[in-house]
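Every chain is numbered from 1, with letters handed out A, B, ... down the list of sequences.
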Amino acid sequence: MPWKGEKDPYRIWLSEIILQQTRVQQGLGYYERFISAYPSVHDLAQASEDEVLKLWQGLGYYSRARNLHFTAKDIVQNYEGKFPQSYAKLLKLKGVGKYTAAAIASFAFDEAVAAVDGNVIRVLSRIYQIQEPFDTADGRKQFDVLANELTPKNWPGIFNQAMMDFGATVCTPKKPLCELCPFQKDCEAFKNNATNDLPVRKNRVQSKSRFFFAFHIEKNGSIAIEQRKGKDIWQGLYQLPWQEVKGFDGNMEKQIDEVAHGYFQSEDLNFYSFTEVFKQQLSHQKIHVVFVEIDAKNITDTQLNFIATRNLSTFAFPKIFILYLQGKKLILE
DNA sequence: AACTCGGGGGA
DNA sequence: TCCCCAGAGTT
């Protein structure tokens, strides 16, 4: 990992934002590309948000990218380009929560604060056999208190790294390597054959299904796209125009006809074709999309925003649109 | 406290 | 499918 042993708070910060809820393997390439594109916080601050989102495309949780860009500008404008050097001050930065503030403070500035991530929670829950759910205020506080008691004043950075590495490689979520674990004789969960039941999480909310028709409107080498605004998913990314519906009817042609006539001003619309259902599972939603190709020559809607198809790949799109556009050979990647 | 925010990979 | 991932912000 290129950020291991790193002392530059900018690089530590960048790596930690990328690694939030993200596996090292998945984040690695993104880290390299960000460092290459933005060697310093000043470079990142001078970029446009569209550019940052494009580089973040495919990594998910795009508020991380927006907050990353916001905080880079914040650092340059209000901190003279220098990261604050304590846990408490780092915590004030947008996108920097308790874990990330502790990681930066302990790695870069040797402050004795525990960086409690999923790995640390798993290790502690097993060694001490903590049955309390970790995703409640009370439970979470217990893990924080315990981790901070264990953190050595002299080498907090090494300790935090070690705890996470140990959780990621030995004390894994499934099939932990207890046979070679040096804590075997101390681990309450191992003694009681309870490693598989720890840590305890409260039930997650179930994900809901949503259904959309997305319109592929292309003319003279241009295609209609729009930027996503508001509070819904994928804020700031781009997409083909689409319309949400309650569900898909048995008669797809008829439903498309109705939806399209509600969506566009034009009276006579000609459809070329529609696709099978594209599906994407998110944390709390399952997205279903049918893509509809429409003959553009009768479309008179003035609010549609057309961009040259050769420039499509400069915009950040959600995964499900990437898949469609790749199938149409409109983007390569 | 509960909800929301992506996408990938392993079982 | 379900679960988890070097979590954080909003309501």
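Note: NZ (A:Lys141) to C1' (B:dA1) measures 14 Å, nearest angstrom. With rounding to whole Å, A:Leu323 atom CG is found 16 Å from B:dG6 atom P. Protein atom CD of A:Gln280 is 13 Å distant from nucleotide atom P of B:dC5, rounded to whole Å. Regarding A:Asp135, its CG atom lies at a distance of 13 Å from the P atom of C:dC3, rounded to whole Å. Spacing between atom OH of A:Tyr62 and atom P of B:dC5 amounts to 13 Å, rounded to whole angstrom units. In this structure, CG of A:Leu53 is placed 11 Å from P of B:dG6, rounded to the nearest angstrom. Rounding to whole angstrom units, CD of residue A:Gln235 and C1' of B:dT4 are separated by 12 Å. Taking atom CD1 of A:Ile287 as the reference point, atom P of B:dG6 lies 10 Å away to the nearest angstrom.
No contact: A:Ala103 has no heavy atom under 4.0 Å from any strand. Residue contacts shown for A:Asp232 are limited to sugar-phosphate atoms, with no base heavy atom under 4.0 Å away. Base engagement by A:Leu59 is indicated by at least one non-hydrogen atom pair under 4.0 Å involving a base atom.
For the C1' atoms, the distance linking C:dA6 with B:dA11 amounts to 22 Å, nearest Å. For the C1' atoms, the distance from C:dC3 to B:dG6 is 15 Å, rounded to whole Å.
Side-chain N/O atoms of A:Gln285 include one lying less than 4.0 angstrom from OP1 or OP2 on B:dC5.
Inspection of the A:Asp74 and A:Thr71 side chains reveals no N or O donor paired with an N or O acceptor under 3.5 Å.
Aromatic ring orientation, A:Phe321 versus A:Phe317: tilted (interplanar angle from 30° to 60°). Using the six-membered ring where Trp is involved, A:His261 and A:Phe271 have ring planes that are perpendicular, over 60° apart on the 30 and 60° scheme. Relative ring orientation between A:Trp13 and A:Tyr10 is described as tilted, the plane-to-plane angle lying within the 30° to 60° band.
In this view, A:Tyr61 satisfies the ring pair (Phe, Tyr, Trp, His ring centres under 6.0 Å) rule with no residue, not counting sequence neighbours.
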In 5'-to-3' order, the base (B), backbone-only (S) or no-contact (-) status of each nucleotide in nucleotides 5-11 of chain C, using a 4.0 angstrom heavy-atom cut-off, is BBBSS-S

Name every donor-acceptor pair, under 3.5 Å, that has one atom in a side chain of residues 111-120 of chain A and the other anywhere in the protein, sequence neighbours excluded.
residue: A:Glu111; atom: OE1; partner: A:Tyr87; partner atom: N; Å: 2.9
residue: A:Asp117; atom: OD1; partner: A:Asn119; partner atom: N; Å: 3.2
residue: A:Asp117; atom: OD1; partner: A:Val120; partner atom: N; Å: 3.0
residue: A:Asp117; atom: OD2; partner: A:Asn119; partner atom: ND2; Å: 3.0
residue: A:Asn119; atom: OD1; partner: A:Arg122; partner atom: NH2; Å: 2.7
residue: A:Asn119; atom: OD1; partner: A:Ala168; partner atom: N; Å: 3.4

Throw together a table of side-chain donor-acceptor distances under 3.5 angstrom for residues 209-218 of chain A, partners on residues two or more places apart or in other chains.
residue: A:Arg210; atom: NE; partner: A:Glu244; partner atom: OE2; Å: 3.0
residue: A:Arg210; atom: NH1; partner: A:Asp232; partner atom: OD1; Å: 3.0
residue: A:Arg210; atom: NH1; partner: A:Asp232; partner atom: OD2; Å: 3.4
residue: A:Arg210; atom: NH1; partner: A:Gln285; partner atom: OE1; Å: 2.8
residue: A:Arg210; atom: NH2; partner: A:Asp232; partner atom: OD2; Å: 2.9
residue: A:Arg210; atom: NH2; partner: A:Glu244; partner atom: OE1; Å: 3.0
residue: A:His216; atom: ND1; partner: A:Tyr324; partner atom: OH; Å: 2.7
residue: A:His216; atom: NE2; partner: A:Glu218; partner atom: OE1; Å: 2.7

Atom pairs and distances, side-chain donor-acceptor, residues 88-105 of chain A, under 3.5 Å, sequence neighbours left out:
residue: A:Lys98; atom: NZ; partner: A:Asp144; partner atom: OD2; Å: 2.8
residue: A:Tyr99; atom: OH; partner: A:Glu16; partner atom: OE1; Å: 2.7
residue: A:Thr100; atom: OG1; partner: A:Gln20; partner atom: NE2; Å: 3.0

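For CD1 of A:Ile158, the number of neighbouring non-hydrogen atoms (other residues, nucleotides, ligands) closer than 6.0 Å is 12 at most.
Between A:Gly60 and A:Lys202, the residue anchored nearer the 5' end of DNA chain B, judged by the nucleotide with its closest heavy atom, is A:Lys202.
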Which nucleotides of DNA chain B pair, in dot-bracket form (Watson-Crick or G-U under 3.5 Å, | meaning another strand): |||||.|||||

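The shortest side-chain heavy-atom distance between A:Leu124 and A:Phe134 does not fall under the 4.5 Å cut-off.
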